[in-house]
Amino acid sequence: MPSRPDRPAHRIRHLLTSTRFRALLALGMVLGVGGVTTLAAWTSSATATSGNITTGSINLQLNSTAQPTLTKSLNFSELGKSGMIPGDSNTALIKVNNLGTGATVPPKYTITSTSGGALTTSLRMTVSSNGTVANKCTDGTNVVSSLALTLTANQAIGAVDRPLPVGATENLCVSVQLPTTPTPPTNSTSNIVLTFTAKV
Amino acid sequence: MPNRIWEVLLTLGALAGLASIVIFIAGLVFGITPLIFRSGSMSPTIDTGALAFARTVPASEVQVGDILSVYDSQGTRITHRVESIDQQGNNLAVAQLRGDANPIADPDPYVITEADRVFFSINRLGYVAVWLSGSSGLVLGAIAVGGLLYIAFRPRRNPDEGEPRLDRHDAHGDSHALKAIVALATVGLTVVGASQIGGTKAGYTDSATAQSIQFGTAATFPTAPSTSSCTVNLLLVVPVAVTITWPATVGSSYRLIARDASGNLLGSNDYTATSTTGSMKYGSGGTTVAFPLIVGTYNIEIHGLSGTSVTPSYSGYQFSILVGLLYSCGGPISGTSALSRSAAPALAPDAPNTTSTAAVSSTTPSPTTTPSASTTTQATTTTSTTTPSTTTSSPTTTTAPPTTTATPTTTTTTTTTTVPPITTTPSEVPIGAPATTTGFSAQKLSTASGNVVSVSNSSGTEVYRGAVDNDAVLHWLTGTDQLYVITTSGVTVIDTSTGVWAESPVPSELPDEIKALVP
């Protein structure tokens, strides 16, 4: 019988209560550590996630009518439009070029859109392959039709994995409409970045 | 003595637990994400195995030099330093990241609206976190939970009676409970513990972005009037003009577009209201819109106008001209005129042949029955609101020319379609080769009134005509229906962005394609 406490009853009760309380508090440590490790995201830093592969390379480049020079970071401001009123739209053409070499497997690419601004959710996007400005991309091969833009990052524009063989160029027609209903906000803006991601 | 150690441990555990709870809740409240580094691309700042804490910030707050944690196109989390950032506005940014230990930047830019910004990191602590999140950590956690729960809720008796027996009983129970807890935890872990975090497979990818796409709405949206009305203006006794009026908002602008019965564009006038009634006069003393037909029915569409924006919707009025002189009001019209280019509008005052099926009135009035009264009584006009079925009646005046000219119009109009549209203007000589784009052609012409640019659609109908300098270069912006007229003195754009073929504001920055042509 080691260390039997010889103390008044209230002291013991107090101590016991305290033990219980401290034991419960100590559970918080498990919660905290568990929570952190559960939430902890694993970060990576693979430097070469793109570019050369053993059988060749993939290289996606963009250009447009206003910016004919091939680039990976295209200024596509020609699609934008200010002073829009309900019913307005704007259309522009963009070319997606696969300048890769020698890849035995034809790469595919996926279009996503990331937008910001209160006007974003009022906008509708129509994309077609080989569509024309005159028809606001309703001609050609439809990719997406009157898609309501959202503020979600990397919103999918059409189906993923559009085939794009090495050396090929896809002429995309992009049209953004501002429908009359529901009435869009005045003096409101939206910024859009379209991302074209190719993978083998 | 063991009891004393136990007490200290319990107290420390309680304090650590309290701190953990506070930190955990604070993390949830302030959007703090713990991050474990599994590679050394950020060393020496942050080594492999470090535990870092990041807080979610909007893209607009991100600056060069920040350490951001973002997802790449493969869905892998990458935590690197911002090398450059291109703010697009509206909390949208395109960031280029590079690891401190990496010689080159990450291949793909990241489009972000928000990102986790690292504000604190402890090297090596990540290993502990990893170990704790592994099987052994879960076992330890389960034992700790079970043990602590047991301590907290173990059955107790009145300590005043039979304490030695109680202790023995407790010890007995403790060991049983611990064994049960360990067994349960082991079983549970074999089920749950398999869920390990797998390594990501970096696929071969490449991405490109199209940026700087900005949209904005006008400060105010133009509105078309809901109604309009029409009155005849008399000169002495002759109805030489009509005045279209509509309820207007002071300060608002309106665009009045005149079309013939086929919808061909004849001209347009902009009007800014200075009172609550807008008005526009057509005919003698009115605007300069030329109405080509001697006899015809015309539609005036009143669109809202704000800046260069024109509402597609309109209301308006119809009126008729008889023998080129006598004007009469038709009925109200309204609708949505397509801003499309396929309407084949014709703005050709000198080409009356382009209008063809104008007066297709099934109920042609018989003016021959009216030359009765010596006084000038305005004949009533009954007009349906739809364009093709207009019944034009004529005003009766004593001065009216022989009314026989009115009746033949229904026959003559049908024949005019055979007249080639452009060849009937022999006084015009083309200058140089036409510039063409899909569906449209632009040609410089030398006319009696000077050099003009004439834009025609695919069927050869002229849709626009305007004066140009002799040295003007015509160039369709590739892939668009925008005609750039480039001269030594400047650049003008002709397109349908305002709803009709007209000169448009030149973009603040000329497309490269145009820049190359500017002398």
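Distance check: A:Leu151 CG to B:Glu114 CD gives 11.0 Å after rounding to the nearest 0.5 Å. Atom OH of B:Tyr110 and atom OG1 of A:Thr114 lie 14.0 Å apart (nearest 0.5 Å). Interatomic distance, CG of A:Asn154 versus CD1 of B:Ile112, reported as 11.5 Å (0.5 Å rounding).
Annotation: maximal heavy-atom pairing with chain B below 4.5 Å, among A:Asn191, A:Leu194, A:Asn171, A:Asn187, occurs at A:Asn191. The greatest number of non-hydrogen atom pairs below 4.5 Å with chain B, out of A:Pro86, A:Ser113, A:Pro68, is found for A:Pro86. Most heavy-atom pairs under 4.5 Å with chain A: of the set B:Ala16, B:Gly89, B:Ser313, this distinction falls to B:Gly89. Considering only heavy-atom pairs separated by less than 4.5 Å from chain B, the leading option among A:Leu93, A:Thr195, A:Ile192, A:Thr65 is A:Ile192. The greatest number of non-hydrogen atom pairs below 4.5 Å with chain B, out of A:Gly83, A:Ala66, A:Ser82, is found for A:Gly83. Of the listed residues (A:Ser115, A:Ala153, A:Ser122), the one with the most heavy-atom contacts under 4.5 Å to chain B is A:Ser115.
Heavy atoms of A:Leu60 lying under 4.5 Å from chain B belong to its backbone as well as its side chain. In this structure, the portions of A:Asn59 lying under 4.5 Å from any heavy atom of chain B include both its backbone and its side chain. With a threshold of 4.5 angstrom between heavy atoms, A:Ile111 does not approach chain B through any atom at all. Heavy atoms of A:Thr180 lying under 4.5 Å from chain B are absent altogether. For A:Leu178, the part lying near chain B is the side chain, with the backbone staying farther off; criterion is any non-hydrogen pair under 4.5 Å.
Within residues 71-80 of chain A, the residues approaching chain B closer than 4.5 Å by heavy atoms are, in numerical order, A:Lys72, A:Ser73, A:Leu74, A:Asn75, A:Phe76, A:Ser77, A:Leu79, A:Gly80.
A donor-acceptor pair under 3.5 Å is formed between the side chain of B:Thr217 and the backbone N or O of A:Ser188.
You'll find the side chain of B:Ser207 stays beyond 4.5 Å of the side chain of A:Tyr109, heavy atoms only.
Applying the side-chain contact (heavy atoms from CB on, under 4.5 Å) test between A:Val193 and each of B:Val94, B:Ile213, B:Asp86 identifies B:Val94 as the sole match. Only one option out of A:Leu119, A:Thr189, A:Leu149, A:Thr120 pairs with B:Phe215 in a side-chain contact (heavy atoms from CB on, under 4.5 Å); it is A:Leu119.
Minimum heavy-atom separation, A:Gly116 to B:Leu92: N-CD2, 4.1 Å. Taking every heavy atom of both residues into account, B:Ala210 and A:Phe196 meet most closely at CB-CE1, 4.1 Å. Nearest heavy atom pair, residue A:Ile85 against residue B:Ala218, reads CG2-CB, 4.2 Å.
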